[in-house]
Amino acid sequence: MSSETHASGKVVDSLPLFELESHIQNYTGRNAVDRLLFIADRCVPLAKDALTLAIASLKQTAEVNRYEDAVERLHEIAPHDPRATIDTVWVDEVSKATRSTGDKLELELKSYKNNLIKESIRMGNSELGDFYFSIGDLSSASKFYSRQREYCTTHKHIEDMSMDMIRVAVYQRNWSQVETAMSRIDALPSKNSDIDPYLKAVRGLWSLAQSNFALTASTLLNVPVESLTHLAPKSRQNATYTITDFVTVNDVAVVIGLCSLASYSRNALKDLLDNNANFKEILESEAHIRTLLDSFVLFDYKSIFSTLEKHKTDYMLDIWLADHVEKLFDRIRENCYTQYVRGYQRGYLDKMAARFGVSQDDVEKDLIALIESDKVPVRLDLENKYFLFKSADERADVYDHVMSIANTFERNGRLLLVNIGVLRGGLEINAKPESSGFDLKKRP
């Protein structure tokens, strides 16, 4: 991921609760580097440490361009740091080696094309895609992976190509390409069941990118916890596709927790906590998310908002959640207000403010905004400082239901009378012409 990808995001000045070095040990490869560069972009106090760790990680790869970019950024904030100088010897060695490997693979692919060896051409494009992926050139990797398509001769080939495309597209945040590749796999008459958890996790990230929080939660809930902690098998040689390419079990617990708080009712959330064994295991990795969900079930809204604020910087530094934190917090507040007002025919604003740990003026503003957007069914009395819950008109509902039944009964009765009239008049038409009583060859 280039440093420009998230440069326009919100910068935080406070430190997160996690310790950077131990936090980043949960991630490997490109995922770790992406997160370090993201933290360097978003968190001023951690920028130097994040760039230092990113530079060390990049020197274990062949991504020369990203290494040089990270060093330049470190030089801007710490010009006297010895690590803020490009290691030209390493750059020259790696560049020479990658150039040699790339030229060799290009020549092999050219040879395959001259010999019209279809399977070899497909493999040649796949190997070049892997090569460009390894040096951080995602655009070229995507181009060569996509070129496999016309040379795929089996369902397995299409599946492998689509998985290649998905991995690159997720790193590029190219969600339309992700959707296309997943649809292509779904259309296959058969596929490797081992990739199902991976695809569910990717669908969850895709839903999150669309700010569809309910779908995000329900999709990620179907990802088995064991697939979040172990490598997923992949049959193609030299290629592995694991959910930990993008997220860990801790990340999934946080995303599910916040998205369910923003979109699930209290009863739905209580059922989830009581009966979903997979979610219980996932929650073990993030105790504060379990605390948040329990607080919602127990109507402890003050605890919810204090916990959210305490962990907000952590969320803002998560590469997947960062751009959705403010919207998630707004949705969670709306959901808590909705659950609260539904419990009262009449509620007083001072008591509500105390329950939420905010001022009465804030409660008034929030309720007015929610009423104007038709998100809470209440009437607000600002003079006497209370709200009235607008309950459904049960009498009208019963009347509408009875009238619906009566109209259906009347319609069925009319159809029955029409049918009886047709039978009496001998106007029915049988399915077979020979049994109709008419000779089709005779004219009337």
Side-chain angles (χ1 to χ4, degrees), residues 1-9 11-12 16 18-78 81-87 90-91 93-95 97-98 129-142 164 166-174 201-202 205 228 231 238-252 314 316-323:
M1 182 189 309
S2 66
S3 60
E4 291 82 1
T5 303
H6 300 283
S8 61
V11 176
V12 296
F18 60 74
E19 195 278 320
L20 180 61
E21 196 162 351
S22 60
H23 171 72
I24 211 63
Q25 288 177 358
N26 295 319
Y27 308 97
T28 58
R30 188 178 186 87
N31 191 10
V33 174
D34 281 354
R35 288 174 181 272
L36 286 168
L37 295 178
F38 182 83
I39 291 171
D41 279 337
R42 294 292 183 95
C43 185
V44 175
L46 289 180
K48 181 182 176 181
D49 291 339
L51 286 170
T52 301
L53 290 171
I55 289 167
S57 296
L58 284 166
K59 288 193 74 173
Q60 307 302 314
T61 72
E63 297 188 53
V64 173
N65 291 338
R66 289 219 298 173
Y67 164 76
E68 292 176 332
D69 179 61
V71 172
E72 289 174 5
R73 290 164 62 191
L74 180 61
H75 183 76
E76 291 174 3
I77 61 176
D81 192 306
R83 291 158 296 193
T85 303
I86 293 175
D87 185 346
W90 178 83
V91 168
E93 288 179 354
V94 174
S95 297
T98 54
D130 291 342
F131 165 73
Y132 282 112
F133 182 84
S134 71
I135 66 172
D137 188 348
L138 299 185
S139 296
S140 296
S142 179
D164 290 334
I166 288 171
R167 180 178 60 169
V168 174
V170 172
Y171 281 124
Q172 292 179 307
R173 305 300 188 267
N174 187 346
V202 170
L205 295 178
L228 296 166
L231 293 181
N238 300 325
T240 56
Y241 297 104
T242 70
I243 296 174
T244 51
D245 285 343
F246 311 119
V247 291
T248 64
V249 63
N250 302 70
D251 301 324
V252 171
D314 291 27
M316 294 295 292
L317 296 181
D318 181 87
I319 203 167
W320 300 109
L321 273 177
D323 294 334

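As a basis for the values below, the full set of heavy atoms in this structure was taken, side chains included, without hydrogen atoms, waters or symmetry mates.
Ile77 has its side chain within reach of Leu51: a pair of non-hydrogen atoms, C-beta onward, lies under 4.5 Å apart. Taking the side chain as every heavy atom from C-beta outward, Pro16 and Leu46 approach each other to under 4.5 Å. You'll find the side chain of Val64 stays beyond 4.5 Å of the side chain of Ile135, heavy atoms only. No side-chain heavy atom of Thr244 sits under 4.5 Å from any side-chain heavy atom of Thr28. Side chains of Asp318 and Arg35 form a contact here, defined as non-hydrogen atoms less than 4.5 Å apart. Taking the side chain as every heavy atom from C-beta outward, Val33 and Glu63 never approach each other to under 4.5 Å.
Here the closest heavy-atom approach between residue Leu317 and residue Arg42 is recorded as CD2-CB, 3.7 Å. Taking each heavy atom of Glu21 and Gln25 in turn, the nearest pair found is O-CG, 3.2 Å. Looking at every heavy atom in both residues, Ala40 comes nearest to Ala47 through O-CB, 3.6 Å. Listed here is the closest heavy atom pair of Ile243 and Ala201: CG2-CB, 3.8 Å. Nearest approach of Asp41 to Arg73, heavy atoms of both residues: OD1-NH2, 2.7 Å. Summarising the geometry of Val170 relative to Arg173, their closest heavy-atom pair is O-NH1, 2.8 Å, with the distance given to 0.1 Å.
Atom CG of Asn31 and atom OG1 of Thr242 lie 8.5 Å apart (nearest 0.5 Å). Taken from CG in Leu321 to CG in Asp314, the straight-line distance is 10.5 Å, to the nearest 0.5 Å. Taken to the nearest 0.5 Å, the CG atom of Leu53 stands 5.5 Å off from the CG atom of Leu20. Rounded to the nearest 0.5 angstrom, Arg30 CZ and Leu58 CG are separated by 9.0 Å. From Asp81, atom CG reaches atom CG of Leu74 across 5.0 Å, with rounding to the nearest 0.5 Å. Expressed to the nearest 0.5 Å, how far CZ of Phe18 lies from CD1 of Ile39 amounts to 4.5 Å.
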**Report entry** Step-by-step side chain to side chain contact (heavy atoms under 4.5 Å, CB included) determination, Asp34 to Arg66
**Finding:** CA-CA 10 Å; Asp34 281 354; Arg66 289 219 298 173; 2.7 Å; yes
Query raised in the report: Are Ser139 and Gln172 close enough, and set up right, to give a side chain to side chain contact (heavy atoms under 4.5 Å, CB included), and what steps lead you there?
Result: CA-CA 8 Å; Ser139 296; Gln172 292 179 307; 3.9 Å; yes
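The pair Arg167-Asp245 does not meet the salt-bridge criterion, since no charged nitrogen lies less than 4.0 angstrom from a carboxylate oxygen.
A perpendicular orientation is assigned to the rings of Trp320 and Phe246, their planes being inclined by more than 60° (bins at 30° and 60°).
Of the N and O atoms on the side chains of Thr248 and Asp251, at least one donor lies less than 3.5 Å from an acceptor on the other residue.
Screening Leu138, Val168, Asp137, Thr98 against Tyr132 for a side-chain contact (heavy atoms from CB on, under 4.5 Å) leaves a single residue, Asp137. The side-chain contact (heavy atoms from CB on, under 4.5 Å) test with Tyr67 is passed by exactly one of Val94, Asp87, Thr61: Asp87.
Crowding of Lys48 atom NZ: a count of heavy atoms from other residues, nucleotides or ligands under 6.0 Å not exceeding 12.
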